[in-house]
Structures are given as structure tokens and as C-alpha cells.
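As a basis for the values below, the full set of heavy atoms in this structure was taken, side chains included, without hydrogen atoms, waters or symmetry mates.
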Amino acid sequence: MSIPTPPELSPLYYLDNFRVALAWVRERYSDLLEADELAFIRQFDGLDTPAQALLVRLVMRKGVHFRASKLNYSEIGPTAQAAAPLCALGWLRTDGEIDMGELFSLLRKDELVAQLPAAATLRTSTKGAIFEALSGSCTEGFNTEPRPFAQWCAGSEETIYSLTINDLCDRLRLMFFGNLNQTWAEFVLADLGIFRYEAVDIPPQSRGFRCRRDIDDFLHLHACREAFEAGRPVQQVEQQVGDFSSPNPYLQERHGKLLYRMARQLEREGALVSALALYSRCHYAGARQRRVRILEKLAHHEEAHALATLAMANPESESELQLVERALGRLSRKLGQPRQRAAAVKDHKRMDLLLLRPEHGSVERAVSEQLATPQAPVYYVENALISSLFGLLCWEAIFAPLPGAFFHPFHSAPVDLHSTDFYRRREDLFRGCLAHLQAGTYPQVIRNNYMAKQGIQSPFVYWGLSPEVLDQALLCLPPAHLQQWFERMLRDIRANRTGMPDLIQFWPQEKRYRMIEVKGPGDRLQDNQRRWIAFCEQHGMPVDVCHVQWAEA
């Protein structure tokens, strides 16, 4: 397959994209925009092109302080001329306060030594060592307080432009993307064809946030998460989060995930009582099972048993069921109660291989080379094959333009992909897609989408899947098995997209297959792998677990 030549971008491609984003936000959020946001959009539209382009260049760069001498853009022209109207609006400043860390990021070592008298005696030290020395108490009389660049470096002729509207632009970016993970670079990557997205019909009323409170709540949770990830103590972050609540399911999910991560950190620190209290406030997947585990560690066996029994009666997932079954076994023994008989677990079919350790490559590759024959090739597919077949067959349902599922052109997956009602909202569509398995038309649907959607971002399809593997899979995998796998994935997409066996072997002449999970010396089956293998064995799907030992050369 030939690699297409990337398209040539116009010199002001980034400005064109920013204008598109502003128009998109203005059209969809006009009723939610605050006065400063409306004023920014209006005033930006009134600027001449060089000023607009310079502002967008700076907004897209890292940091908020920029050396004028480093801002050389041929399509913009003289920087000072383009910056003047931005300074007049207060969006740029030439007297912004700069802290010592920012100063060291802006200047080279020789410039620091030349401009800072206190650094002159440290010219033989590294830049990092100079920073440590000047910021420490050993350098008397050196002022480390933030101040304008001209006060740091009185002898320099450099101008520093400081951007003052980063927060405002981040809010506009949030409204456009619905998150702060995606950046303005998404436009460029799409323009260059590096990322391609499904063309979903997105009506003007489709947007990520329904009210201004949603936007403010998102920003609040984002700030709390950043504080947590920066290492602030959990108790302080918990106070910062406060008594948060939101009717928005998307924000409820983000809040629950943050509390779960904080509780896990408390667990790691040994603060079990505090972790238990935080888990109790959290409805994120897995929190209930962690409560059972902590109660058991605290020797609150009766309370742990009651909670595990409740979870056993109505498990939130196969993962939780698997874990609480184990917990109930331990707790029943500790309480002297008869152990509830769990469903019998069939031993998996085992294969043992003694191989020479390869100089290069993985254990999976070594097994693949050992087992493959011209009549029965073996491929390393892990989670890619079954997931890709599902994504190709059900493309129409996955990318259906349901309200709230998509609200900008750069979605690689529906926003509600991992929500509990993802399947329910699209049940009829998925039934229509899966009906091709009974009708026998599924190979053509999968092949058509493989060709028509090639390279488009998808949460399921791995485009490294070769036509050879695709053809052999469609020949050898029974549609009844595909149906069972796909339905299992739909029951819990987050959990069931992983854990599939590493290898697959096809016998095209016989139209049959087997899957092979590979375990090297000392390696054990993970829980999600055990669940997949048990499911396959339950439904008569051939799967072996290959245990490898290395032979002495």
C-alpha cells in the first residue's frame, strides 16, 4: 500500500484552524459564553491578520513568556508591529512578572552569566548548578522574587512578551473539544492526514457542555486532578474537591475516577481508614471491591463479608465477580462459615514447550515460529484481531450520530463509549450489525469497511491488521464464535477489550483455528486473561495456554 504524499499547508493554516474553532464555539455556545470570552472573540475578529497570526502562534506554544528575538515568522512579518495591537488589548505584556525558573528557561547559560552578576563566579558550573546556587540561601543579597525581565536583566536589549489570556483560550479549547487533553495541533494532524477521523454529522445543538456550571465544574475537577498528580497530599486535594456534585454523567465519571485514584494512593500509603472513607464516597468501577479488601485488612470480617455478598448478588462486572468470589472464600474461612460453592473452574488446556532462548524477539515470537507450519500459519494478534473484526462489522453503530456522542470533528470514539448505557442507546443498531453474522453477509461488510475506512481513527480497529490475516480469520472463525465474542465485548467494553490470547493459528484448508496464550518462565495468567479463557472454554472455542521454559544452549 503506497503512502500518500502529505498535502501542502497554507502559510496561515494555524490561523485558519483557530478561526474555525472560534466560529464553532460561538455557534454552539453563544448562550454560555461569559463577557470576557465574547469580547475576546469580537476583538480577535477585528484585528488585522498579522496580529491574529502572532497571537495564535503564541497560544499554541508552550509557556507564557517569549523572547521577541526568537519570534521570526515570515508569514507574519515584523514581530513588534504585529504585537502592538495585542499589547494595546492587554493580551500581551512586555512587563510581565517572571520567576527565576522561567528566566532560566528563557536564557542560555552564557546569557545568564553575563546578565546576572551573582552568576559571574559560577561560569564554570552547569546551568542547573547555577540555578541551585542562586536559589539557595548561600547567595546573599540575590533577589529571587518574580519581577519583570527588565529588572532581572537591566543590561539586556531583549523584549519579553508575556501572554495573559492562556486561561481564556484554554476555556475556549475546552468548549470545542470537551476536554483539555486534545490541543489545537489536532487540526494540523488532520490537515496533514496523519490522523483521520470518521465524518459524523454533528448538528449545531450538539455540544459537550449543557450549561455554564458544567464548564466550571470540569475546570474545577481538572485543577484538582493536576494538584493530585503534582504530588499534593490527598487530604489537601480532598479539601480542594469539596462537596462536589453534578447532574452531568460525564462529570460524575471524572469525579468518581479522581476519588478512586486518591483512595488508591491512600491505600498505598497505609492510610486504610481514610482510603475506606473515600471509597465509600466513590461510585467508580472497582471502588466497592476495594472496600471489601480494606475491610478484610482491617479485620472487619463480618462487614466485609456482608458487602462481598451484596456485590456477589449484583456484580458490576465480571472482574468484580471474580474478585469478590475469592474474598468470600477467605472471609468464610475466617468467620467459620460454610464456604459458598463457586462455579467449577475447568482447567485450561495446557501446552508445554522447551525452547532455546532467542537472541532477539519476544517469547510470543519464539512460540509462533515453533508452532507455525506452511499449512497452519501462526500470527501474533493479542487483542487486535477480535476487536478489529468487531469494530469493522459494527462501524455504523459505533459512529452513529446520537445526541451528545460527538460534538467536534476530531473524535476517535463516541464520548459515551465506556458509559453503562452505551449499548442500550444503540441496541437496535448493534442488532442490525450483528444480524450479518446469521445472514452470512458479515465477510463482505467487514471487507468493505476495511477498505473504505482504512486509517480512520477507531477505538477498536487496529489498522496494522494485514489483508492476509483478515482473509484467514473470516475463513476460519465461525460466525457463532464471533457473535459470542462481540456480545461479550458489548457487555463491558472497558474490561473485555483486553485479555485475549496472544497468538492465533489458522488451518485454512480445514477452516478451523486455535488461540494460544503464551506464558514465559515465571509468568502467570492475569485475571482478565483467565476470564477470556474461561469464556472460550465455556463456549467450545479452542484455546491453549502455552508454558515456555528455556533450554540450556
Side-chain angles (χ1 to χ4, degrees), residues 24 27-29 175-179 181-182 186 190 195-210 214 248-254 285 383-463 465 470 474 479 482-498:
W24 188 280
E27 179 182 33
R28 286 162 170 75
Y29 286 99
M175 288 179 232
F176 182 82
F177 289 112
N179 64 74
N181 298 324
Q182 290 177 284
E186 294 283 354
F195 287 163
R196 295 176 56 216
Y197 299 90
E198 177 69 353
V200 179
D201 181 27
I202 305 174
Q205 63 271 23
S206 184
R207 59 189 191 180
F209 302 104
R210 297 171 294 188
D214 284 351
N248 187 316
Y250 175 53
L251 296 173
Q252 291 173 7
E253 177 84 357
R254 292 184 69 87
N383 301 311
L385 177 60
I386 305 305
S387 178
S388 294
L389 294 173
F390 169 78
L392 291 169
L393 180 65
C394 299
W395 192 281
E396 177 186 358
I398 294 164
F399 288 99
L402 272 61
F406 302 93
F407 44 83
H408 61 74
F410 305 106
H411 284 288
S412 60
V415 172
D416 61 340
L417 180 65
H418 293 139
S419 70
T420 54
D421 63 349
F422 172 77
Y423 172 72
R424 181 188 60 77
R425 295 183 67 203
R426 300 161 176 83
E427 187 170 357
D428 290 342
L429 291 169
F430 277 113
R431 283 180 179 173
C433 294
L434 297 181
H436 289 290
L437 294 167
Q438 289 87 30
T441 52
Y442 68 96
Q444 194 59 44
V445 173
I446 289 174
R447 286 193 177 97
N448 287 346
N449 281 332
Y450 180 79
M451 296 303 296
K453 306 297 184 181
Q454 187 66 222
I456 293 177
Q457 297 290 300
S458 163
F460 298 103
V461 180
Y462 170 65
W463 291 114
L465 188 70
L470 180 68
L474 292 176
L482 293 175
Q483 177 105 17
Q484 293 282 2
W485 289 328
F486 296 170
E487 288 178 351
R488 182 174 190 267
M489 288 178 64
L490 283 169
R491 286 198 292 272
D492 189 342
I493 288 173
R494 190 195 300 272
N496 293 339
R497 272 195 299 176
T498 60

Heavy-atom pair of closest approach, residues Asn248 and Asp214: ND2-OD2, 3.0 Å
Criterion side chain to side chain contact (heavy atoms under 4.5 Å, CB included) on Ser419 and Glu253, from CA distance to verdict: CA-CA 9 Å; Ser419 70; Glu253 177 84 357; over 6 Å; no
Tyr450 and Trp463 aromatic ring geometry - parallel, tilted or perpendicular at 30°/60° bounds: tilted
Heavy-atom neighbours of Glu396 CD exceed 12 at 6.0 Å: no
Presence of salt bridge, Arg431 and Glu427, under 4.0 angstrom: yes
Lys/Arg-Asp/Glu bridge criterion (N-O < 4.0 Å) met for Asp416, Arg424: no
Ring geometry between Trp24 and Phe176 (parallel below 30°, tilted from 30 to 60°, perpendicular above 60°): perpendicular
Stepwise side chain to side chain contact (heavy atoms under 4.5 Å, CB included) check, Leu470 with Leu389: CA-CA 8 Å; Leu470 180 68; Leu389 294 173; 3.6 Å; yes
Minimum-distance pair of heavy atoms, taken over all atoms of Asp201 and Pro401: O-CB, 3.5 Å
Side-chain heavy-atom pair Leu385, Tyr462 within 4.5 angstrom cut-off: no
Flag side-chain contact, heavy atom, 4.5 Å: Ile456 against Trp395: yes
For Phe410 against Gln182, the heavy-atom pair lying closest together: O-NE2, 3.1 Å
Closest non-hydrogen atom pair between Tyr250 and Asn179, with its separation: OH-CB, 4.1 Å
Closest non-hydrogen atom pair between Pro459 and Ile398, with its separation: CG-CG2, 4.4 Å
Arg491 to Tyr423 six-membered ring, cation-pi geometry met (6.0 Å, 45°): no
Whether His411 and His408 hold their rings parallel, tilted or perpendicular, with breakpoints at 30° and 60°: parallel
Shortest non-hydrogen separation from Phe406 to Ala400 and the atoms involved: CE1-O, 3.4 Å
Side-chain heavy atoms of Gln483 within contact of Glu487, under 4.5 Å: yes
Salt bridge (Lys or Arg N to Asp or Glu O under 4.0 Å) involving Asp428 - partner list, sequence neighbours excluded: none
